[in-house]
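Worksheet: the structure to be examined is printed underneath.
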Amino acid sequence: MKLRKKIYLTAGYNTIALGTGRNEFNPKKARPELEDYIKEAGQRVLTQIGGAKNIDEGVIANFMAARYNKQGNLAAFMPYIDEGLRFKPATRVEGACGSGALGLASAFRSVLAETAETVLTLGVEVQNTYKAVYGADILALAGWFKMRKTGHVYFFPGQFSDRAGSYYEAYGFDYARKGFAQWYKNAIENARLDPTAQEYHNTVPNLEEQYLKAKPNGKFFVDHLTVFDCSKVSDGASANVVASEEGLLKMGIDKKDAVEVVSFAQVIDDITKLPQNPLELTSIKKAAAEALKDAGITIDQVATVETHDCFTIAGILAVEALGLAKPGEGAKFVAQGHTARNGKIPMNTTGGLIGWGHPTGATGVHMANTIWQQFTGKAGDAQITITKDKPYGLSINMGGDDKTVTAIVYKKIF
Amino acid sequence: MEYSERLQKMSVIGAAGKMGSGILLLTAIEMADTSLLPENKNKHFVLNAIDVCSECLTGLMEYVKVQATKIAEKKLGLLRQLYADRADLIENFDIIDQYVWDVLKIIRPSTRLEATYDSNIVFEAVIENPTLKTKLLSQVKQNASENTWFFSNTSSIPIAELDKSAGLDGKLIGFHFYNPPAIQKLVELIKGENSVDGLEEFAIEYAKKLGKIVVPSNDFAGFIGNGHFMRDAIHGILETQNLAKEMPYTQALYAINSVSQNFLVRPMGIFQLIDYVGIDVCKYIMSVMNPYLPDEDLHSDLLDQMMELNVKGGQNSDGSQKDGFLKYEKGRPVAIFDIETKKYVNIDSFSKDVDQKLGKLPQNSIAWKQTLRMKDKFDKLAIMFDEMMQMNTLGAEIAKKYMENSRQIGIKLVNMNVAKNADDVNTVLMTGFFHAYGPINDYLKK
């Protein structure tokens with residue numbers, strides 16, 4: 001559906017993604033907590049837009065604070081950011097790891113419905129409160145609970161390991177791992193350019209070698225993936241403001257410091273069903289196609305993509321779902337460097353979920369912020385060049401195993 | 001009686017002690033794992049944890065809970081299978097909780113020895129005191145069934161003698177864990193005389209189920225492990241006294257401790273190891289061993305003096321190191337006890353001087369910690385010791401003598417028939433003492 005009025009996104013802010021890999025992370029020492037992240041990200045957005053008085057509404061996206069942090073009713077943390085937000089409307093949204101983009105979709109709808117000109121949208125997750133074996137239980141809630149009993153100790157790595165296993169079987173192990181290795185290398189190298197990224201401090205000299213040396217071993221982890229195939233366990237928050245044209249005026253934001261949101265598509269699939277085709281991310285395929293269609297563009301006009309690489313296999317399958325490569329050729333497309341920052345279509349330019357980190361509920365908001373940074377010249381060392389003939393960006397945020405997907409198309413304002 | 005049936009009723013005496021708590025933990029885990037097998041679902045498992053100290057038993061239960069949780073976290077794949085038929089256990093959280101409970105519910109803590117009377121296996125892990133061990137074991141024997149077997153964790157007392165003095169009729173086997181039992185891989189297995197049928201087989205299976213490496217030792221006081229350690233310690237003490245002719249005693253002790261750690265690539269220096277085991281325990285083990293060694297004098301006046309001054313080393317109940325020959329801060333030695341002034345002298349105040357006197361480590365030297373993950377450690381050690389052979393610094397000279405002495409001790413243990421062969425001696429030192437290499441080697445041969 002074509003949007004009935006123009007929507008913009010601006011004033012992005014990301015906290016660091018904290019977890020293993022960051023020098024300041026020590027599992028035995030006290031760390032910032034849920035409300036600290038909400039406050040930091042929220043306040044740093046407000047200072048860019050003239051304060052809380054310019055915010056009409058708030059959205060907090062989060063997956064599972066009820067278990068990670070034993071906290072519910074998150075919308076009521078909005079006034080904790082700034083007293084000026086007291087008595088304003090706010091909502092918390094949840095769609096597992098796809099919560100962030102659901103939060104944005106909720107903000108878009110408020111602006112389209114003209115019940116708000118400006119919406120403070122904030123994604124947050126604090127996951128390091130539990131060891132990995134317990135975190136696996138919490139993350140598993142993104143799937144159908146009735147499948148948990150027969151699932152893997154590490155439920156989601158188990159799900160995507162099955163997809164990776166199918167991919168190896170269909171197209172060859174070494175061929176696939178080569179593509180995965182390049183995906184991993186791109187992720188870490190991009191993360192090294194963003195000081196907020198979890199892998200920012202990574203100094204491993206030969207990433208491809210490191211990746212290929214590690215062999216998947218079901219005795220220690222899952223059958224078809226290693227730790228290098230996985231996104232991070234992260235604490236962090238990302239926030240921005242979704243606004244109408246009037247909203248930008250009210251905040252005194254120049255359009256050059258905003259991106260236009262041209263279209264968005266949200267797709268849901270049945271959580272009680274296993275994927276019909278393990279070699280395809282069907283919901284992602286549908287959401288991306290719909291969003292591009294609504295924007296009236298093709299993938300060739302997209303300058304950069306932020307995609308949900310919770311695992312390397314998800315990155316490769318997304319490349320195929322976007323039509324950038326035929327089924328089975330995603331690994332080759334990536335291995336050839338086409339998704340690297342200097343490739344045909346740079347993807348996950350600040351590291352994605354594997355390199356930047358994956359504070360689950362914040363990820364969709366972080367993706368939008370990366371595209372906003374790239375399109376407003378605020379990406380620092382991670383900056384890529386965006387030209388007028390390809391002014392579009394695309395983000396794909398996924399909850400569960402291809403169940404809750406939101407694709408958003410952005411346009412750079414020259 | 002087959003393995004799992006015999007395992008159903010066990011007792012550990014001295015269960016809250018340093019060794020006993022580890023033995024209890026490993027046994028409780030093994031019993032729980034066995035009880036969870038489908039074929040054992042209806043069998044009842046009981047592990048009596050006996051100790052004179054009631055508060056310590058409370059601490060023991062806390063220890064087992066924490067450790068069992070950690071163990072469960074590491075074997076969730078297996079546990080998810082074992083609990084597959086339990087529809088109520090879904091998440092890892094549920095499964096870990098249930099497993100920890102399944103371990104804890106097997107354990108019956110008690111201060112009363114009577115609780116052991118209906119056990120199939122009674123494992124004693126009380127202090128290294130033959131009189132006490134004899135008293136406890138014979139009391140249980142007099143009240144237990146004919147089928148009861150006895151395990152002793154003694155590190156030095158001959159098994160046949162203990163069997164005889166307690167009237168156990170060949171039902172006792174030596175099953176010597178290394179400290180801490182939950183971590184060290186080694187068990188020395190010592191068969192007494194007229195050992196009953198099946199006892200050794202059961203012990204071997206039990207050791208394997210606990211994930212231990214079994215090295216059989218002949219029934220000679222001190223066995224292989226302490227047979228080496230006590231002689232090695234005496235050598236360290238004599239070397240210190242020797243070196244003390246040239247420098248103050250505290251500096252000499254620091255030097256020998258440092259050489260025996262860094263030049264010999266060992267996890268800790270000899271005096272730190274004595275402190276770790278406990279000066280009292282070492283003295284006691286020597287006194288148990290010495291009467292059996294007519295041509296040696298395994299005794300140290302220095303240890304006696306330390307004991308008289310009540311400086312004993314050993315560990316606090318939280319596992320931290322008590323001060324002994326060395327004083328420790330956060331587990332690291334910071335000072336040396338001066339036997340004359342009865343005060344600790346800071347290592348910082350002289351270490352530079354002494355290090356200089358000892359001379360540098362070989363250029364190709366490696367630290368013990370590095371060897372843990374080194375695939376070619378034996379090659380690297382050969383290069384290091386080759387270089388050390390060519391050196392004539394004070395440190396290198398002491399080290400060469402030390403290594404040669406350690407080697408001779410190893411050979412003696414084989415010659416005395418305590419160990420079957422050189423490999424067994426080396427395995428004991430590498431798995432019980434965490435040495436990077438065995439004492440019987442050719443490193444200094446060239």
Side-chain angles (χ1 to χ4, degrees), chain A residues 20 26-29 63-64 66-70 96 127-159 161-162 165 210 213-227 230 233 271-272 400, chain B residues 25 29 32-33 36-38 41 62-104 182-183 185 208-209 211 318-320 329-332 370 372-376:
Chain A
T20 50
N26 180 342
K28 287 182 183 150
K29 288 202 175 142
F63 175 22
M64 211 33 87
R67 290 202 51 187
Y68 278 126
N69 323 101
K70 299 191 164 53
Q127 305 187 281
N128 283 296
T129 44
Y130 285 99
K131 281 187 190 176
V133 284
Y134 304 104
D137 280 340
I138 300 173
L139 291 171
L141 301 177
W144 190 27
F145 192 63
K146 297 217 164 114
M147 289 181 182
R148 180 68 185 113
K149 176 69 182 167
T150 51
H152 198 277
V153 171
Y154 293 96
F155 185 80
F156 265 96
Q159 301 286 98
S161 167
D162 290 349
Q210 180 194 33
K213 232 174 150 181
K215 300 281 181 234
N217 185 339
K219 260 170 96 179
F220 301 107
F221 186 42
V222 290
D223 289 341
H224 306 296
L225 299 173
T226 75
V227 64
C230 300
V233 172
I271 195 171
T272 69
Chain B
L25 170 70
I29 296 286
D33 288 358
L36 288 172
L37 295 173
K41 280 275 152 86
E62 191 61 42
Y63 166 78
V64 173
K65 185 182 171 218
V66 170
Q67 296 304 316
T69 304
K70 286 185 184 169
I71 289 166
E73 287 166 355
K74 285 185 191 139
K75 59 176 182 191
L76 269 167
L78 171 72
L79 293 181
R80 289 192 81 91
Q81 282 171 27
L82 289 173
Y83 290 115
D85 61 340
R86 285 283 300 268
D88 59 325
L89 305 178
I90 297 167
E91 295 195 314
N92 295 339
F93 278 105
D94 305 328
I95 287 167
I96 290 167
D97 275 357
Q98 181 63 47
Y99 181 71
V100 171
W101 173 236
D102 282 344
V103 171
L104 289 174
I183 300 201
K185 283 275 173 213
K208 283 191 177 147
K209 288 278 179 64
D318 66 355
S320 61
E329 272 171 21
K330 290 181 185 168
R332 294 173 68 91
Q370 291 175 280
L372 294 177
R373 283 166 178 264
M374 231 177 231
K375 281 187 185 144
D376 55 347

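Order of the sequence lines fixes the chain letters, A, B, ..., with proteins taken first and strands second; residue numbering starts at 1 for each chain. In this text, all values refer to a predicted model and were calculated from it rather than measured experimentally.
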message: Please check if the number of heavy atoms outside B:K75 that lie under 6.0 Å from its NZ is greater than 12.
response: yes
message: Taking B:E91's backbone N and O only, do any of them form a donor-acceptor pair with A:D137's side chain (distance below 3.5 Å, no angle check)?
response: no
query: So which part of B:I96 gets closer than 4.5 Å to some heavy atom of chain A, the side chain, the backbone, both or neither?
result: side chain
statement: dist B:L78:CG -> A:K219:NZ (nearest 0.5 Å) comes out at 12.0 Å
field: A:K131 portion near chain B, given a 4.5 angstrom heavy-atom threshold
entry: side chain
task: Report, as yes or no, whether the 6.0 Å neighbourhood of atom NZ on B:K209 holds more than 12 heavy atoms from other residues, nucleotides or ligands.
output: yes
Heavy-atom proximity to chain B below 4.5 Å, by part of A:Y130: side chain
query: Quick check: are there more than 12 heavy atoms from other residues, nucleotides or ligands sitting under 6.0 Å from NZ of B:K41?
result: yes
query: Looking only at atom types and distance, does a side-chain atom of B:N92 sit under 3.5 Å from a main-chain N or O of A:A136, one as donor and one as acceptor?
result: no
Side-chain heavy-atom pair B:L76, A:Y154 within 4.5 angstrom cut-off: no
field: Backbone N/O of B:A87 and side chain of A:K149: donor-acceptor pair under 3.5 Å
entry: no
